[in-house]
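Report on one structure; see the data block that follows.
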Amino acid sequence: MDIVVCIKQVPDTEELPHIRVNPETNTLVRESVKGIINPFDENAIEEALRLREAKGGRVTVVSMGPPQAKEALRKALAMGADQAILISDSSFAGSDTLATSYTLAMGIRKIGKFDLLLLGKQAIDGDTAQVGPGLAEWLSIPQITYARKIEVNGNQIRAERTLEDAFEMVEVTLPCLATVTKEINIPRYPSLKGLLSAKRKEVLVWGADDLSLDRKRIGLEGSPTQVIKIFTPQPPPKGEILTGEIPEVADRLIEKLRERKIL
Amino acid sequence: MDFTLSDDQRMILELVDEVCEKEFAPKADEISESGEFPSQNVKKLAELDLFGITVPREYGGLGMGYLTWTLIAEKISKACATTGLIFGANLLCTYPLGKYGTEEQKRKFLPPLASGQSLGAFALTEPEAGSDAGNVQTTARKEDGHFVLSGTKIFITNGEVADIYVVIANIDKKSGARGLTAFMVEKGTQGFSFGQHFSKMGLTALPNVELIFNDCRIPDSNLLFKERRGFKVAMRTFAAGRIGVGIGALGVAEAAFEKARVYSRERVQFGRTISSFQAVQHMLADMATKIEAARYLLYRAAWYLDRGEAFEKLASMGKLYASEAAMEITTKAVQVFGGYGYTKDYPVERYMREAKLFEIIEGTSEIQRGIIASLVLKEK
């Protein structure tokens, strides 16, 4: 069973206090912020590795991003992926989810035959959850979003989809795409042997010239979404603490609530 | 002397940091309270290949040396001293096997120890023999291609959970230390069973167990090194193991210092943080200095061991210094926390209880001073 996993390198949320938005360009200041594999994508890698352990086959991990995204791919190799491909080109800069899913789809076509395409349900930076569904459309394959459990039987995949207050069981014929939630598994740590051997494995890099692309569909030109403004939210104002005798404090509280028209 | 880390070491330590922070440290209090063997932590160590750090590649390990092992053990012990000592006790089995084992023994025992599929232990201590190793009462008598072991071991770290034991017994009691001989004994061998689990002041989840040999027959091929050379095997193993015990003490000291340092900047008395008082500052300065001093004694011992140079004196010095520093640092950490430090609401009282063990195991401080003195007096 050949599985392709798409991953994204995102800023480490543990470093959130250090993450800043450049107000002029409306982009994240990525320098000096540590990159990690998007946590939901780690679940997708783990699921792919487990399916490979059960059914055999290969796991190929793909990422679209700047050259430093190689680090994320190396970690995927250390976890046990067989092959890693970085889709990277300066002409891809400024891609929105439509252009990204198109570019990734063209990369996946170049990889060739696969049975299952896995992604995390969304990335923790943009939180759009659009690239997975977009990919399935470009590749004309069925999609299962928010999968919390996956079983493969022959050329059938059965998955449990997480809904707001229930889950849905769906069955689909392979090849198909699935996006996974964090409930699906607990991602493994890379072993030291995996870590050391990943260092020696090559990460393939494919640029725009390596893919059969419609140039109008990539980068800024291929991105109908326009970001008007990104800003660091102001911290909420500090609460006020009333002190004194209880009856007096209660009176002042009622007064304040009336002032704000809450009462 | 150069301790510059290679890319591989840096990468490994980063991963170990992540696992320690996310998996080991958050559970350390709970493990100590429940006293239950942390099998999940041991499984993690195995999955990460950490048990194979010093085991040569041809036997399924990573062949990375004792300095790397020491750096890893320091991090594990800082996060959870119990897990650190389980990790360390395993080395007391892989080290003598690697050094003295026959090719056949290495092929049989090292791969499962490296992968963590099997856990190792080392057994010398008895009710009447610890510091006085020559007084081991467990006997081994030869019988048609076998050795038959009889006797009792106590306090054995990793006892019962371990699968492979290096056991020191005497084949000729009247020769004392010159009769001692080392053997490989597997769990499940007939005549080999487990007795009392000792209940302790600290490190409650670390198994320290009684081993009982009741006419336990093991094949000749399980003789480790040579007959009558068990004392040498034990002394060399202890020497290497002292680096591990020292680094365990250092980890506890680092954890206590870190907690005290952070707390001193938060705790306000007389209208200012207690870190602004010179009395507290001096305590922190002494703690930090001793940690660095212990660290380099132990790193240097491990580095000498990797280079094949005489490391025994440094290992004893490192173990002695680190364990006494840990006792002092954890005691002072409790002092920095004041009344809160004596409560179970903060981990510093646990560190203080844990630190005491390190002044005792693998040769007491008094034994270490004896070893160091005899080595420096022998020098020209």
Side-chain angles (χ1 to χ4, degrees), chain A residues 7 9-18 32-43 45-50 52-54 59 68-81 84 124 182 185-203 241, chain B residues 5-27 40-65 67-73 75-76 79 83 87 90 94 110-111 113-117:
Chain A
I7 68 170
Q9 191 180 44
V10 296
D12 190 349
T13 46
E14 277 168 26
E15 309 220 346
L16 214 50
H18 311 293
S32 82
V33 176
K34 206 177 119 202
I36 56 166
I37 298 179
N38 175 45
F40 300 117
D41 298 348
E42 278 196 4
N43 294 105
I45 297 168
E46 177 65 33
E47 199 58 22
L49 295 174
R50 288 184 190 193
R52 183 193 64 188
E53 279 154 15
V59 173
Q68 60 264 35
K70 258 191 188 179
E71 262 176 59
L73 287 165
R74 263 192 216 293
K75 180 159 182 210
L77 286 172
M79 286 172 77
I124 57 163
K182 71 173 183 338
N185 56 40
I186 297 171
R188 70 194 64 190
Y189 289 98
S191 68
L192 297 197
K193 283 182 188 163
L195 205 62
L196 297 176
S197 72
K199 223 183 71 173
R200 286 183 284 274
K201 280 189 198 163
E202 203 195 341
V203 174
I241 296 171
Chain B
L5 298 181
S6 68
D7 282 351
D8 285 0
Q9 285 173 319
R10 233 193 314 273
M11 225 161 54
I12 288 170
L13 290 173
E14 234 173 70
L15 176 64
V16 172
D17 261 336
E18 188 187 340
V19 176
C20 285
E21 187 192 318
K22 289 191 184 154
E23 310 285 338
F24 298 161
K27 285 190 288 189
Q40 285 304 313
N41 288 1
V42 174
K43 203 171 148 227
K44 274 269 131 61
L45 294 174
E47 282 168 5
L48 266 79
D49 299 329
L50 286 169
F51 286 120
I53 286 287
T54 60
V55 175
R57 291 212 179 114
E58 60 265 41
Y59 305 112
L62 286 140
M64 289 200 74
L67 182 57
T68 309
W69 185 92
T70 300
L71 296 166
I72 291 168
K75 290 184 183 296
I76 297 172
T83 307
F87 184 60
N90 199 60
T94 55
L110 282 176
L113 285 165
S115 71
Q117 187 199 322

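The chains referred to below are lettered A, B, ... by the order of the sequence lines, with proteins before strands, and numbering in each begins at 1.
For the side chain to side chain contact (heavy atoms under 4.5 Å, CB included) test, residues two or more places apart in sequence or in another chain that qualify with A:A78 are A:P190, A:L195, A:A198. Evaluation of the side chain to side chain contact (heavy atoms under 4.5 Å, CB included) rule for B:A79 yields B:C20, B:F24, B:A25 as partners, not counting sequence neighbours.
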Apply side chain to side chain contact (heavy atoms under 4.5 Å, CB included) to A:L196 and B:M11, showing your working. CA-CA 9 Å; A:L196 297 176; B:M11 225 161 54; 4.1 Å; yes
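Interatomic distance, A:L192 CG to B:L48 CG, rounded to the nearest 0.5 Å: 5.5 Å.
Interface remark: B:L62 contributes side-chain atoms only to the contact with chain A (heavy atom separation under 4.5 Å).
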Chain B to chain A donor-acceptor contacts, backbone plus side chain, under 3.5 Å:
residue : atom : partner : partner atom : Å
B:D8    : OD1  : A:K199  : NZ           : 2.4
B:E23   : OE2  : A:Y189  : OH           : 2.6
B:L48   : O    : A:L192  : N            : 3.0
B:D49   : OD2  : A:S191  : OG           : 3.2
B:D49   : OD2  : A:L192  : N            : 3.4
B:D49   : OD2  : A:K193  : N            : 2.9
B:G60   : O    : A:K193  : NZ           : 2.8

